[in-house]
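Contents: one structure, followed by commentary.
Below, chain A is the first sequence line, B the second, and so on; all start at residue 1. All values below come from the heavy atoms of this structure, side chains included, with hydrogens, waters and symmetry mates left out.
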Number of protein chains: 4
Amino acid sequence: MARRYDPERRQRIIDAAIRVVRREGIGGLSHRSVAAEADVPLGSTTYHFASLDELLVAALRQTNASFSDTVFRNVRLDDPDRDLAADLARALGQWLAGDRGTNELEYELYLAALRKPVLRPIAQEWVASVTEALARRVDPATAHGVVALMDGVSLQVLLTDREYDEAYARTMLGRLLAGADGAAGAPDGGETGSPADPVAG
Amino acid sequence: MARRYDPERRQRIIDAAIRVVRREGIGGLSHRSVAAEADVPLGSTTYHFASLDELLVAALRQTNASFSDTVFRNVRLDDPDRDLAADLARALGQWLAGDRGTNELEYELYLAALRKPVLRPIAQEWVASVTEALARRVDPATAHGVVALMDGVSLQVLLTDREYDEAYARTMLGRLLAGADGAAGAPDGGETGSPADPVAG
Amino acid sequence: MARRYDPERRQRIIDAAIRVVRREGIGGLSHRSVAAEADVPLGSTTYHFASLDELLVAALRQTNASFSDTVFRNVRLDDPDRDLAADLARALGQWLAGDRGTNELEYELYLAALRKPVLRPIAQEWVASVTEALARRVDPATAHGVVALMDGVSLQVLLTDREYDEAYARTMLGRLLAGADGAAGAPDGGETGSPADPVAG
Amino acid sequence: MARRYDPERRQRIIDAAIRVVRREGIGGLSHRSVAAEADVPLGSTTYHFASLDELLVAALRQTNASFSDTVFRNVRLDDPDRDLAADLARALGQWLAGDRGTNELEYELYLAALRKPVLRPIAQEWVASVTEALARRVDPATAHGVVALMDGVSLQVLLTDREYDEAYARTMLGRLLAGADGAAGAPDGGETGSPADPVAG
DNA sequence: AATGAATGAGCATTCATTCAT
DNA sequence: TATGAATGAATGCTCATTCAT
């Protein structure tokens, strides 16, 4: 009875859901946990979101995709003289140095999309945003490879709790980028004939 | 019922758990679902495994880690003349061509390990088994990089339902391997000085 | 939305309610299901009908009472030379051959009227309309008996999914009608002295 | 914690369910209402019955089918000299004079079976038990007709809250029975040629 | 050693109704 | 007048775990 008329209600529920997932993981998201976090009656969460999945999608779509944000902040894609591998390795380091909950949130979405098809478009958008940005500097296949490598490196860091090794990441990224179309001295590009965009949708 | 004295009981429960996770994901694992799948009384599952997590660990530890199996079957690590990148790319293709449930099972472990520390050692073992095997041919850092790239590529294939492009994978793997210590003509390995083993356990 | 000023709104809600009950039964009737079916805002249903029961009554009162309609269409009550039993048996067959949902709708009203007194007058009206019409040809007690028999026969057909047997129905109806006051050769009407109208409202 | 180990638990839940349906109708049956009535924890009701329908079936199957009981108690089927119509009319009167809740319980099941196929076998059994017993005295078609008429008469009494008129029922039943195969002076049996058992399954 | 029974907590979801606008 | 928002109660059901036997 108390808090009738709360025009920001819907948004507050989304924000609460993000905090819950960050703290407890996707498995910890329930109408109840969200209602408690948002200090809102239980019925309110089902009123604004027809199903939990709908709420989850709304919440995840709103997360700023901090990974890609970090990349964009750290990488000067329009300056062809910059050491792209170094920029990317530094970006990865910055992202991994951030809040562990945030990292997990993002990665958990990524992996949860395996089982929940509704989440796939979101995950794909995230990947695409970075890939497309990289494609301004390198050929699309290399862009995909770079993103794959960054994903794999992040996963290993998160799963092992070990320190991120920026030098190692820079080395590996450098090797991928060295072979990109147009890069000087690409050592193995010739024989494989790296296709234009082998994984484009 | 009447199936007292069943020395295989414990094993049968584990097998059932694997089938359940493969089919429904970790979220579908419960004492009940496992008991039904194993055709065993409910109490039996709690008798043999003090908690669900314990059962989950037992089940995952037993999965053959089909990814590493496939790698080992397809890659001739002891023959330095083989095209390692091609072997790895083919292995990846074989794994991804297998049962989707199996692929997801393995990746879901990664997801769960993010939030359940008890699962991390298992995930780490899987990674380590491949990394260490690769380290017989290349330096440890490159081995890690290769595994990271393969993880990332697999993830993208699973998340996008797009076809796996073996040529693309071979190209990218080739670039990483070309820079490995001791590899002939590694063009960019020299300047980065690839650290001994930055992420070894 | 934007459909303000819709003078037919109330009627459209009633029509939607009938469709819902026909399809899903009374148990499926809710403000929400009706609002969705009528393509009308939720609040509209509670605005026009103070309670669900009120809506239910309005809906049921409007159903054409297809049973009595069918009877009236098939039976020539004003022609004393017609074989009334045959007409009624045919009418019953026609009704039962119709849409199962419609049959159930009408019978479900009976069910609901058992527990919801507000619905009883409607059910009684339906019965009365047929009984009174029949009373133009036979004494009221026989009219009631005929309606009771038809109800019983319908119920058994609906409950058993068995084929309706028109010859059987005609036989049984014929026996009831043969004993009616004024009927030629009523063999057992005399001794019981069929009361004037033992169940008339 | 208090009442562990209650070997009659399952039966007590069934009994409570019957009381609830008797009092509040099938619509009033819920895990919660039954748990409260049986003074048993909520989880207990779902433990013993996998679904509400299962509980409903168990409860209804156990009701003694008081209608057929009453018939069997009042009708001497093996004495061909008894006035069968009078016996049946009296039985119907006794049943209707009983507890209203019990009457409704039985009839509600009957009608609920329209929408819930799981209930149909029970309803059919009830009908069959009376029909088969009657068939020891009259041809099967007449037996079906008699049961249909009794059903219809009961329905009208329950729906109108009016007094049951035994003389009227005896008259109508008498007309049906007078036409039965083998009955002396069956007035209309000849022309219709009443089939052997037109509604047998 | 093994298990059926038990139970309290929690789950997603539906709902009739109220009410501020 | 009309309605979107709100909410507390209830629903069927699942579950991990405990425990008496």
- Message: On DNA chain F, compare the nucleotides closest to S51(B) and T46(C); which residue's is nearer the 5' end?
- Response: T46(C)
- Query: In whole angstroms, how far is the P atom of dT1(F) from the CZ atom of R9(C)?
  - Reply: 14 Å
- Between H31(A) (NE2) and dT14(E) (C1'), how many Å, whole number? 11 Å
- Message: Could you tell me how far apart H48(B) (NE2) and dA16(F) (P) are, to the nearest whole angstrom?
- Response: 17 Å
- Task: Take D53(C) and R32(B), find for each the nucleotide of DNA chain E with the closest heavy atom, and name the residue whose nucleotide sits nearer the 5' end.
- Result: R32(B)
- Item | Side-chain donor-acceptor pair present, R120(C), T160(D), cut-off under 3.5 Å | no
- Message: I need the OH-P distance between Y47(C) and dG4(F), as an integer number of Å.
- Response: 14 Å
- Using atom types as modelled and distance alone, determine if a side-chain donor or acceptor of R100(D) lies under 3.5 Å from a backbone N or O of L158(D). yes
- Query: Has S30(D) got a side-chain N or O lying under 4.0 Å from the OP1 or OP2 atom of dT11(F)?
  - Reply: yes
- Go through dG8(F), dA10(F), dG4(E) for me and flag the one nearest to the L42(A) side chain. dA10(F)
- Item | Spacing of R12(A) atom CZ relative to dA5(F) atom P, expressed in whole Å | 15 Å
- Message: Using modelled atom types and a 3.5 Å cut-off, is there a donor and acceptor pairing between side-chain atoms of E37(D) and backbone atoms of A17(D)?
- Response: no
- Item | Interatomic distance where CZ belongs to R10(A) and P belongs to dA5(F) [whole Å] | 10 Å
- How would you label the contact of L29(B) with the nucleic acid (heavy atoms, under 4.0 Å): base, sugar-phosphate, or nothing? sugar-phosphate
- Task: Please report the closest heavy-atom contact between I26(D) and E108(D), naming both atoms and the distance.
- Result: N-OE2, 3.2 Å
- Item | Option from Q11(A), R9(A), R12(A), E54(A) for which side-chain contact (heavy atoms from CB on, under 4.5 Å) with H48(A) holds | R9(A)
- Item | Toward the 5' end of DNA chain E, by each residue's nearest nucleotide, G43(D) or S33(A) | G43(D)
- Base-pairing assignment for dA2(E) (Watson-Crick or G-U wobble, both under 3.5 Å): dT21(F)
- Task: Take atom CD of Q11(D) and atom C1' of dA5(E), then tell me their distance rounded to the nearest Å.
- Result: 17 Å
- d(CZ, F49(A); P, dA6(F)) in whole Å: 11 Å
- Query: Is dC13(F) paired to anything, Watson-Crick or G-U wobble with both distances less than 3.5 Å, and if yes, which nucleotide?
  - Reply: dG10(E)
- Query: Using a cut-off of less than 4.0 Å, is there contact between a side-chain N or O of S44(C) and OP1 or OP2 of dT3(F)?
  - Reply: yes
